[in-house]
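First up is the structure itself, then whatever we jot down about it.
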Amino acid sequence: MPLHPVIAGRFSARGFDSDTTISDEQLDVILEAARWAPTWGKSQPVRFIVGKRGDTTFESLAADLTAGNVGWASRAAALILVCTRDIPDDEKLQTYGAVDLGLAVGQLLLQAVADGLSAHPMAGFNAQATFERFSIPAGERPLVMVAIGTLVPDDQKDPEVAEYDNRQRMRRPLTEVAFAERWGHPLHPAARPPSR
Ligand SMILES: Cc1cc2nc3c(=O)[nH]c(=O)nc-3n(C[C@H](O)[C@H](O)[C@H](O)COP(=O)(O)O)c2cc1C
């Protein structure tokens with residue numbers, strides 16, 4: 001069974017085109033996809049701070065990216081900071097708020113791909129600085145920033161960006177991550193060691 005093309009087509013690219021823009025309508029669809037992600041106990045803790053290249057929100061978000069991200073991510077059409085609730089004495093919300101954020105980001109990434117865009121999640125930013133810059137209240141947790149845009153052809157990318165975008169993508173095989181009966185026992189009988 002082949003993967004859905006949207007899932008197969010998603011990858012974390014860096015070669016964004018700094019000449020293309022994203023419309024408000026495109027951004028709204030991507031945010032809607034995130035908004036409709038599953039949420040623990042209907043808690044809906046996920047919030048977004050959205051900047052389009054050229055506006056002050058984008059400039060502020062870009063300013064808080066790490067040195068390894070700021071160069072390529074500043075060429076994206078949009079940057080979205082994704083936050084979730086984080087209240088120390090609410091252990092369940094703390095745990096599942098992060099799960100909710102991951103699900104929202106996953107849906108956001110796939111909607112972007114479905115719409116012909118590329119989206120790259122990043123943890124490499126100064127979360128503490130975003131609190132002050134955007135007046136984020138205590139109890140919120142900025143966890144991920146996502147760069148969204150269109151990509152330039154490989155021959156127009158900086159060589160190291162082209163190399164990154166064409167790197168071999170690897171995942172552990174299902175035999176190493178999917179188990180049955182007990183931990184470490186491969187789900188698929190063909191992958192199991194011969195029994196004595
Ligand atoms: C929570 C999270 C944080 C990430 N942070 C960064 C980052 O700061 N910079 C970066 O270039 N990529 C970042 N990535 C992207 C991963 O490096 C990428 O997903 C991984 O290499 C697998 O590649 P793929 O997305 O193309 O499958 C992050 C991904 C996740 C899920």
Side-chain angles (χ1 to χ4, degrees), residues 2-18 30-31 33-34 37-40 45-51 53 57-86 94-131 133-134 136 140-154 157-174 176-178:
L3 277 184
H4 191 286
V6 169
I7 297 173
R10 185 210 63 79
F11 70 109
S12 297
R14 291 185 171 178
F16 287 107
D17 183 353
S18 59
I30 288 166
L31 292 166
T39 178
W40 172 72
V46 184
R47 300 290 183 272
F48 309 91
I49 295 180
V50 184
R53 199 181 56 253
T57 305
F58 185 99
E59 296 305 323
S60 298
L61 290 170
D64 292 333
L65 287 168
T66 57
N69 287 332
V70 66
W72 58 268
S74 295
R75 303 173 71 85
L79 289 171
I80 301 179
L81 179 66
V82 193
C83 307
T84 191
R85 291 289 284 160
D86 180 20
Q94 219 175 16
T95 301
Y96 297 120
V99 174
D100 279 18
L101 180 142
L103 289 165
V105 170
Q107 293 202 180
L108 182 158
L109 299 179
L110 293 179
Q111 184 67 50
V113 174
D115 296 342
L117 298 163
S118 187
H120 189 148
M122 297 169 283
F125 66 96
N126 183 342
Q128 199 51 48
T130 65
F131 272 97
R133 224 184 262 283
F134 296 104
I136 299 173
E140 302 291 337
R141 186 180 183 195
L143 259 185
V144 172
M145 208 184 304
V146 185
I148 301 176
T150 48
L151 303 179
V152 291
D154 277 341
K157 294 173 187 169
D158 288 342
E160 69 274 17
V161 170
E163 193 184 325
Y164 180 92
D165 286 358
N166 288 288
R167 73 201 186 286
Q168 195 181 5
R169 294 175 62 239
M170 304 282 287
R171 290 295 189 274
R172 294 180 192 278
L174 270 188
E176 282 183 25
V177 299

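One-based numbering, in listed order, for ligands and for the atoms of each.
Between L61 and T57 the shortest side-chain heavy-atom distance falls below 4.5 Å. The shortest side-chain heavy-atom distance between I30 and L117 falls under the 4.5 Å cut-off. Using a 4.5 Å heavy-atom threshold, the side chains of P45 and R47 count as separate.
Around atom CZ of R167, more than 12 heavy atoms belonging to other residues, nucleotides or ligands sit under 6.0 Å away.
At least one donor-acceptor pair closer than 3.5 Å links the side chain of R53 to the backbone N or O of A76. The backbone N or O of W40 sits less than 3.5 Å from a side-chain atom of D100, completing a donor-acceptor pair.
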May I have every N or O pair linking ligand 1 to the protein at under 3.5 Å, one per line with atom names and distance?
| from | atom 1 | to | atom 2 | distance (Å) |
| --- | --- | --- | --- | --- |
| ligand 1 | 5 (N) | A123 | N | 2.8 |
| ligand 1 | 8 (O) | N69 | ND2 | 2.9 |
| ligand 1 | 8 (O) | A123 | N | 3.3 |
| ligand 1 | 8 (O) | G124 | N | 2.9 |
| ligand 1 | 9 (N) | N69 | OD1 | 2.9 |
| ligand 1 | 11 (O) | R14 | NE | 3.4 |
| ligand 1 | 11 (O) | R14 | NH2 | 2.7 |
| ligand 1 | 11 (O) | H120 | NE2 | 3.1 |
| ligand 1 | 12 (N) | H120 | NE2 | 2.8 |
| ligand 1 | 14 (N) | P121 | O | 3.1 |
| ligand 1 | 19 (O) | S12 | OG | 3.3 |
| ligand 1 | 23 (O) | R167 | NH2 | 3.1 |
| ligand 1 | 25 (O) | R10 | NH1 | 2.9 |
| ligand 1 | 25 (O) | R10 | NH2 | 3.2 |
| ligand 1 | 25 (O) | S12 | OG | 2.5 |
| ligand 1 | 26 (O) | S12 | N | 2.8 |
| ligand 1 | 26 (O) | R167 | NH2 | 3.2 |
| ligand 1 | 26 (O) | R169 | NE | 2.9 |
| ligand 1 | 27 (O) | R10 | NH2 | 3.0 |
| ligand 1 | 27 (O) | R169 | NE | 3.1 |
| ligand 1 | 27 (O) | R169 | NH2 | 2.7 |
| ligand 1 | 27 (O) | R171 | NH2 | 2.8 |

